[in-house]
Amino acid sequence: MEIILPSLADRLKPLRKGKNMTQKAMAELLNCTDRHYQKIEYGQINVPATTVILLADYFGVSADYLLGRTDTTD
């Protein structure tokens, strides 16, 4: 399967680990299954814009940073 959002996949795991969150805890935050969250973190599925915004707000970074449109977090 083609990686759809490689920048999100590359940036999400370190951000999650920086908050000492497990994949299970992230799945609960996003109200999805553990497996669905894993697919997000591995870049295997697209995510809605609302999910990108929620993640950006949660981690205190910009949506553009998560999507790889900028290398600065704000």
Side-chain angles (χ1 to χ4, degrees):
M1 173 176 242
E2 177 184 355
I3 294 179
I4 299 169
L5 293 173
S7 295
L8 179 62
D10 291 341
R11 293 179 175 183
L12 196 52
K13 184 176 182 178
L15 288 168
R16 173 179 61 80
K17 288 192 171 266
K19 284 206 174 237
N20 295 316
M21 295 281 287
T22 64
Q23 288 182 335
K24 181 176 179 72
M26 289 300 299
E28 290 173 7
L29 175 76
L30 298 177
N31 196 29
C32 65
T33 65
D34 300 357
R35 183 67 186 129
H36 185 82
Y37 176 77
Q38 288 171 347
K39 287 182 178 185
I40 293 170
E41 193 168 288
Y42 299 150
Q44 295 175 340
I45 59 173
N46 268 326
V47 295
T50 53
T51 300
V52 173
I53 292 167
L54 187 146
L55 289 168
D57 289 348
Y58 180 76
F59 290 116
V61 299
S62 69
D64 281 346
Y65 174 77
L66 285 179
L67 295 173
R69 295 172 47 97
T70 185
D71 289 329
T72 59
T73 57
D74 50 3

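Model, not experiment: these values are computed from the prediction.
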No-hydrogen, no-angle side-chain donor-acceptor test under 3.5 Å, Gln38 and Tyr42: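 No, Tyr42 and Gln38 have no side-chain donor paired with an acceptor closer than 3.5 Å.
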His36 side chain near Lys39 side chain, heavy-atom distance below 4.5 Å: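 When only atoms from C-beta onward are counted, Lys39 and His36 do not touch, as no gap falls below 4.5 Å.
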Note, Asp34 side chain near Gln23 side chain (heavy atom, < 4.5 Å):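 No, too far: nothing below the 4.5 Å cut-off.
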State, to 0.1 Å, how close [X] and [Y] come at their nearest heavy-atom pair, and which atoms those are.
X: Phe59; Y: Leu15; value: CE2-O, 3.3 Å
X: Asp10; Y: Pro14; value: O-CD, 3.3 Å
X: Ala56; Y: Ser62; value: CB-C, 3.9 Å

Backbone N/O of Leu66 and side chain of Arg11: donor-acceptor pair under 3.5 Å: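 Checking the backbone N and O of Leu66 against the side chain of Arg11, no donor-acceptor pair under 3.5 Å is found.
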Neighbour count above 12 (heavy atom, 6.0 Å) for Arg69 CZ: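 Open: at most 12 neighbouring heavy atoms sit under 6.0 Å from CZ of Arg69.
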Flag if over 12 foreign heavy atoms under 6.0 Å of NZ, Lys24: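 Counting neighbours around NZ of Lys24, 12 or fewer heavy atoms of other residues, nucleotides or ligands fall under 6.0 Å, so no.
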Could you tell me the separation between the [atom1] atom of [X] and the [atom2] atom of [Y], rounded to the nearest 0.5 Å?
X: Met26; Y: Lys19; atom1: CE; atom2: NZ; result: 9.0 Å
X: Asn46; Y: Ile40; atom1: CG; atom2: CD1; result: 10.0 Å
X: Leu12; Y: Tyr37; atom1: CG; atom2: OH; result: 3.5 Å
X: Met21; Y: Arg16; atom1: CE; atom2: CZ; result: 9.0 Å

Result of checking Val52, Thr51, Ile53, Asp57 against Leu55 for side-chain contact (heavy atoms from CB on, under 4.5 Å):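 In the set Val52, Thr51, Ile53, Asp57, the residue that makes a side-chain contact (heavy atoms from CB on, under 4.5 Å) with Leu55 is Thr51.
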Stepwise side chain to side chain contact (heavy atoms under 4.5 Å, CB included) check, Leu30 with Val47: CA-CA 11 Å; Leu30 298 177; Val47 295; over 6 Å; no
